[in-house]
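All ligand and atom numbering here is 1-based and tracks the order in the structure. Position 1 is the first residue of the sequence; numbering continues from there. Note that the structure is a prediction, hence the values are computed from the model and not measured.
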Amino acid sequence: MAHPPTSHPFLQNRRFLLGTFASNCSGGMTVSKLPERWVADWTNNLNLALLLDDAGIDFMLPIARWVGYGGETDFHGEVLETITWATALLARTRRITVFATCHTAANHPVVAAKQIATLSQISGGRVGLNVVAGWNKPEYEALGLTLPDDHDTRYAYAQEWFDIARSLWSSEAPFDWNGRFFALRKTYGKPRPEVAPPIINAAGSPEGRGFAVRNANFLFTPAIDLARSKEEIDDLKRQARGVSRDVDVLTFSHVACRPTEEEAKAHWRRTLENADWGAVDNLVRLQFAHAQSFPHDLLALIRERMAVGHGGFPLVGTPTQVADSICALREAGFRGTTLSFLDYVAEFPFFRDTVLPILAERGVR
Ligand SMILES: Cc1cc2nc3c(=O)[nH]c(=O)nc-3n(C[C@H](O)[C@H](O)[C@H](O)COP(=O)(O)O)c2cc1C
């Protein structure tokens, strides 16, 4: 099978990659009742994208979510759909890479491949794709879909889905497809993307990691304990080398950056004290029932981190302390991280003005 060229600017970029995560979802990454919690509407998302684009931030990653997590706030109950969100953001920005996130079971691969190709043309090749094989059972039920209990079937389906998309992006001629899940006659995809879109996958299970190693440019995984992360990254890169691939690892972080450490810690504490624990517990229960993304032996720590940052790595403190923590992620082997804030638009400018210059001085960006 021929592949389109892999010269996407995002893949050429050797800086420590910085992006944002989940700005399309109500609450963002903070499961909080605070009145200033994130409102995921278009105005806020556009304002954020323009700030990020101007500041030279590398990417924006959305979450594809169809059912919220309940609690008092129905965390992630209000979510902008990711293909349309990415389309509008790409049309309004100049440099930043914007990912769409697709659940394989909810998006036909021929349609999704063409959506991504269309976005590639609209954006001059700045679109990326996060492939989700599915884990959230209530969400599947809301879509009238059946989530297979076993990871083998989930990822076999995702593999066939992705093989079809990739074939459409690379084949000149129409082709037939006779697979386990899809039978297609004389299918083709025009236009094709100008460059192969960067692919993210965020699997935690061995089957999912196999999928990521075979297909993704980036595996996205939580950073709970950096010593473990280092081993995990080394192991993944070894697996990738075994199939002659190079896969980088990204993580997600939650920022509480203030001029003093006391102020930053007070902000974190206040967010935690105002957590929507009903939603947090639903989130943890669902993650642990159907997904293998978080280590199960660290439940207490994870419950707290789920409340502030949806399980993201805490970047808490002064600008120098936050820059130190970002450098620690880099030293553990991560290729980049997303950032989230209680209120992205209100808090990003302080990060931009104080943390980015330190990272530049240290040669990290
Ligand atoms: C950073 C990150 C982003 C993810 N984005 C989504 C998403 O947008 N929608 C979704 O349903 N699942 C999302 N997931 C879930 C993963 O795709 C995956 O299903 C989950 O981590 C469970 O892994 P497993 O399928 O190997 O058990 C994300 C996970 C992580 C860590």
Atom indices of ligand 1, in the order listed, that fall short of 4.0 Å to a heavy atom of [X]:
X	value
A203	23 (O), 26 (O)
F21	1 (C), 2 (C), 3 (C)
W135	10 (C), 11 (O), 12 (N), 13 (C), 15 (C), 19 (O)
N130	5 (N)
F220	1 (C)
G204	23 (O), 24 (P), 26 (O)
F252	1 (C), 31 (C)

How long is the gap from CZ on R365 to CG on L356, to the nearest 0.5 Å? 6.0 Å

If you take the nearest heavy atom of each of L61, L219, V132, V79, which one is closest to atom 6 (C) of ligand 1? V132

For atom 26 (O) of ligand 1, which candidate among S205, A212, C25 provides the closest heavy atom? S205

State whether the number of non-hydrogen atoms from other residues, nucleotides or ligands found under 6.0 Å of E78 atom CD is greater than 12. no

Check whether more than 12 heavy atoms from other residues, nucleotides or ligands sit under 6.0 Å from atom CZ of R92, and answer yes or no. no

Consider every N or O of [X] and every N or O of ligand 1, then say whether any pair is closer than 3.5 Å.
X	answer
R65	yes
A64	yes
A202	yes
T221	no

Under-4.0 Å heavy-atom contact with ligand 1, by part of H103 that carries it: side chain

Are D150 and R154 within salt-bridge range, i.e. N to O under 4.0 Å? no

So does D235 pair up with R238, basic N to acidic O under 4.0 Å? yes

Candidate pair R209 and Q239, rule side-chain hydrogen bond (donor to acceptor under 3.5 Å, both in side chains), full reasoning: CA-CA 9 Å; R209 293 281 159 106; Q239 278 186 52; over 6 Å; no

Does ligand 1 have an atom that lies less than 4.0 angstrom from a heavy atom of [X]?
X	value
H151	yes
T101	yes
R209	no

Is the terminal nitrogen or CZ of K186 (NZ for Lys, CZ for Arg) located under 6.0 angstrom from the six-membered ring centre of Y188 and within 45° of that ring's axis? no

For F313, ring pair (Phe, Tyr, Trp, His ring centres under 6.0 Å) partners two or more places apart: none

State yes or no: do V132 and F220 share one hydrophobic cluster built from I, L, V, M, F, W and Y residues joined by side-chain heavy-atom distances below 4.5 Å, directly or via other members? no

Measure from the side-chain N and O atoms of N217 to the backbone N and O of I199, and report whether any donor-acceptor pair falls under 3.5 Å. yes

Scanning both residues in full, the closest heavy-atom pair of A212 with V247 reads O-CG2, 4.0 Å

